[in-house]
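Small disclaimer: the values here were computed from a predicted structure and weren't measured. In what follows, chains carry the letters A, B, and so on, assigned in the order in which the sequence lines appear, proteins first and then strands, with residues in each chain numbered from 1.
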Amino acid sequence: MKDSKLDSVCPDLSTYNSLIHVLCLVGKVNDALIVWEELKCSGHEPDAITYRILIQGCCKSYRLDEATKIFSEMENNGYNPDTIVYNSLIDGLFKARKVNEACQMFERMVQFGVRASTWTYNILIDGLFRNARAEAAYTLFCDLKKKGQFVDGVTYSIIVLQLCREALLEEALELVEEMEMRGFTVDLVTISTLMIGLYKHSRWDWTDKLMKRIRDGNLLPSVLKWKVDMEATMKAPQSNKKDHTPLFPSKGDFSDILSLISSAASIMDGDLESDDVGVKDDKISSTHIDQWSSSPHMDRLANHFKSTDHSSQLFSLSRGQRVQAKGESSFDIDMVNTFLSLFLAKGKLTLACKLFEIFSDTGANPVSYTYNSILSSFVKKGYFNEAWGVLSEMGEKVCPTDIATYNVIIQGLGKMGRADLASSVLDKLMKQGGYLDVVMYNTLINALGKANRIDEVNKLFKQMKSSGINPDVVTFNTLIEVHSKAGRLKDAYKLLKMMLDAGCTPNHVTDTTLDFLGKEIEKSRYQKASIVRNKDDP
DNA sequence: CGCAATTTTA
């Protein structure tokens with residue numbers, strides 16, 4: 001039995017490793033895990049490379065429990081995890097909001113004599129910032145700088161970003177100067193960060209200050225020239241472009257949104273088949289349904305579904321692939337993404353679309369980021385037809401959807417009053433090898449909660465915790481609000497306690513939510529008292 | 001294996 005499995009038709013270890021690697025790269029981590037099981041039954045022994053690839057794949061897709069399990073298995077089989085394996089795990093733990101576990105993993109790394117690298121420290125600093133531990137992050141940065149090691153351009157970039165977030169622009173500029181003096185290149189990521197920081201805090205006029213701080217290279221001048229050219233092009237009369245063709249035609253058949261929410265189709269079929277504007281089922285006639293329920297669309301949509309192959313939908317695990325900041329080929333789209341973000345942040349949708357159009361015409365290749373930005377803005381404004389049009393175009397341009405795309409779809413469905421379709425969309429996501437991260441859980445909990453589907457909310461919350469992701473401040477705020485509004489005041493209070501016990505620091509949104517909860521509790525006490533006619537104690 | 005521009009709460 002064992003021998004026959006090892007004969008020539010059976011894959012060898014390196015074939016298994018390559019296969020697992022590729023599956024992880026294309027986001028099919030579930031399949032990678034299946035191959036992994038197969039490998040273990042094949043008579044081969046996994047090696048350090050197998051373990052590293054799998055742990056990376058699991059961490060990237062928020063399968064932290066799985067990653068931790070494989071990590072233990074690796075050690076039990078006599079392989080010592082190296083720096084890269086530890087780095088992957090620490091990063092994954094931070095991103096799953098498991099701050100304590102991440103720090104413990106770092107301590108363990110040191111304990112076991114595994115050498116921490118600059119990457120390790122960057123992961124630590126970034127992770128601490130992202131988990132509301134700014135003080136610790138700054139301290140670590142200063143310590144490292146004092147020792148004069150484990151600091152590089154990325155470290156500076158992380159700190160500059162944080163300073164921009166805190167509106168400490170002067171400090172950010174100083175740090176950039178220091179960064180350059182120490183011989184680190186101020187790359188496009190850092191420059192974008194600074195530009196966005198300046199713009200957000202209405203300090204465009206500081207670009208000349210920036211010019212003075214960055215003396216090296218011609219990257220900043222190129223960026224500024226790009227901006228000037230772009231503005232000139234946008235001002236110039238758009239010659240033969242006035243044909244009123246919509247930028248993102250949704251074609252009426254919604255083929256792509258449908259293929260995304262394919263498994264929802266059967267539900268929609270039954271639900272909305274006889275849906276005529278005006279003669280609607282009570283439960284869906286209430287508010288936001290108009291765009292969605294225009295039934296000819298629905299019918300075509302449903303029919304189209306039956307004839308479409310949904311298995312080929314592209315999905316990217318590397319969430320909106322980071323475009324490398326070097327290489328002229330990506331420079332244009334990097335700039336487009338940055339400026340789209342600036343325009344959209346100010347609600348300048350028209351300008352954003354124009355920018356997108358101009359650069360589509362020049363043949364610059366939009367990436368998931370680009371589409372997701374515009375998609376999100378359309379959804380936020382309630383332009384659902386245009387939004388689904390963006391999705392179609394993503395499909396046509398063979399641009400993969402990622403978890404942010406799905407997030408926006410769920411948001412959109414929620415706004416349209418169709419949170420009931422969320423679980424079907426999730427099925428589709430999972431079938432594509434997708435995964436849920438903290439933001440996705442938060443979005444889902446919010447959408448379902450607003451639709452008063454509290455049982456589903458609680459189920460998701462449970463699932464979130466059991467799948468190795470810690471709830472964050474947004475999760476708790478949303479949960480408390482949803483339970484308060486549903487009149488489940490005790491549960492809301494329990495959640496508040498859970499939040500504090502978990503060491504999750506409340507923010508200003510928590511305050512607002514607790515105000516509401518407090519009033520509801522007051523109200524219910526008053527009602528109780530007036531009904532029962534006896535007092536309850538404080 | 002790490003940093004920007006997309007996705008979450010009032």
Given dT9(B), dC1(B), dA5(B), which nucleotide is nearest the side-chain atoms of Gln56(A)? dC1(B)
Side-chain contact, heavy-atom cut-off 4.5 Å: Ile409(A) with Val379(A)? no
So, does the side chain of Ser341(A) form a donor-acceptor pair with the base of dA5(B) at under 3.5 Å? no
Touch class at under 4.0 angstrom, heavy-atom based, for Ser192(A) against every strand present: base
Would you mind telling me which of dC1(B), dT7(B), dC3(B) lies closest to the side-chain atoms of Lys60(A)? dC1(B)
Could you state the CE-P distance from Met499(A) to dA10(B), rounded to the nearest angstrom? 14 Å
Quick one: are the ring centres of Phe248(A) and Phe356(A) less than 6.0 Å apart? yes
Any side-chain heavy atom of Ile480(A) within less than 4.5 Å of one from Leu514(A)? yes
Under 4.0 angstrom, heavy atoms only, what part of the nucleic acid is Asp511(A) near: base, sugar-phosphate, or nothing? nothing
Taking dT8(B), dA5(B), dC3(B) as options, the one with an atom nearest any side-chain atom of Tyr369(A) is dA5(B)
Find the distance Phe343(A):CZ to dA5(B):P and express it as a whole number of Å. 17 Å
For Lys485(A), which contact category applies under a 4.0 Å heavy-atom criterion: base, sugar-phosphate, or nothing? nothing
Heavy-atom side-chain contact between Lys485(A) and Asn452(A) under 4.5 Å: no
Residue Leu161(A), side-chain heavy atoms: nucleotide from dC3(B), dA10(B), dT8(B) that is nearest: dC3(B)
So which nucleotide from dC1(B), dT7(B), dT9(B) ends up closest to the side chain of Asn87(A)? dC1(B)
Between the base of dC3(B) and the side chain of Ser157(A), is there any donor-acceptor pair under 3.5 Å? yes
dT7(B), dT9(B), dA5(B): which one has an atom nearest the side-chain heavy atoms of Val439(A)? dT7(B)
Rounded to whole Å, please give me the gap between CZ in Phe129(A) and P in dC3(B). 13 Å
May I have the distance from Ile196(A) (atom CD1) to dC3(B) (atom P), rounded to whole angstrom? 15 Å
When you check the phosphate oxygens OP1 and OP2 of dA10(B), does a side-chain N or O of Lys450(A) lie under 4.0 Å from one of them? yes
Of the candidates dA4(B), dT9(B), dT8(B), the side chain of Gln411(A) sits closest to dT8(B)
To the nearest Å, how far apart are Asn372(A) CG and dT7(B) P? 8 Å
Indicate the ring-plane relationship of Tyr383(A) and Phe378(A), choosing parallel, tilted or perpendicular according to the 30° and 60° boundaries. tilted
The nucleotide from dT9(B), dT6(B), dC3(B) with an atom nearest the side chain of Ile158(A) is dC3(B)
To the nearest angstrom, how far is Leu188(A) atom CG from dA4(B) atom P? 13 Å
Taking the side chain of Thr338(A) as its heavy atoms from C-beta onward, which of dT9(B), dA4(B), dT8(B) lies nearest to it? dA4(B)
What's the CZ-P distance between Phe378(A) and dT7(B), to the nearest Å? 14 Å
Quiz item: cation-pi between Arg203(A) and Tyr199(A), 6.0 Å / 45°: no
Just to be sure I understand the rule, does Ile84(A) reach a base, reach only the sugar-phosphate, or reach nothing, if contact means heavy atoms closer than 4.0 Å? base
Starting the side chain at C-beta, find the nucleotide from dC1(B), dA10(B), dT6(B) nearest to Asp402(A). dT6(B)
I need the CG-P distance between Leu344(A) and dT7(B), as an integer number of Å. 8 Å
What contact category does Lys95(A) fall into here, base, sugar-phosphate, or nothing, at under 4.0 angstrom with non-hydrogen atoms? sugar-phosphate
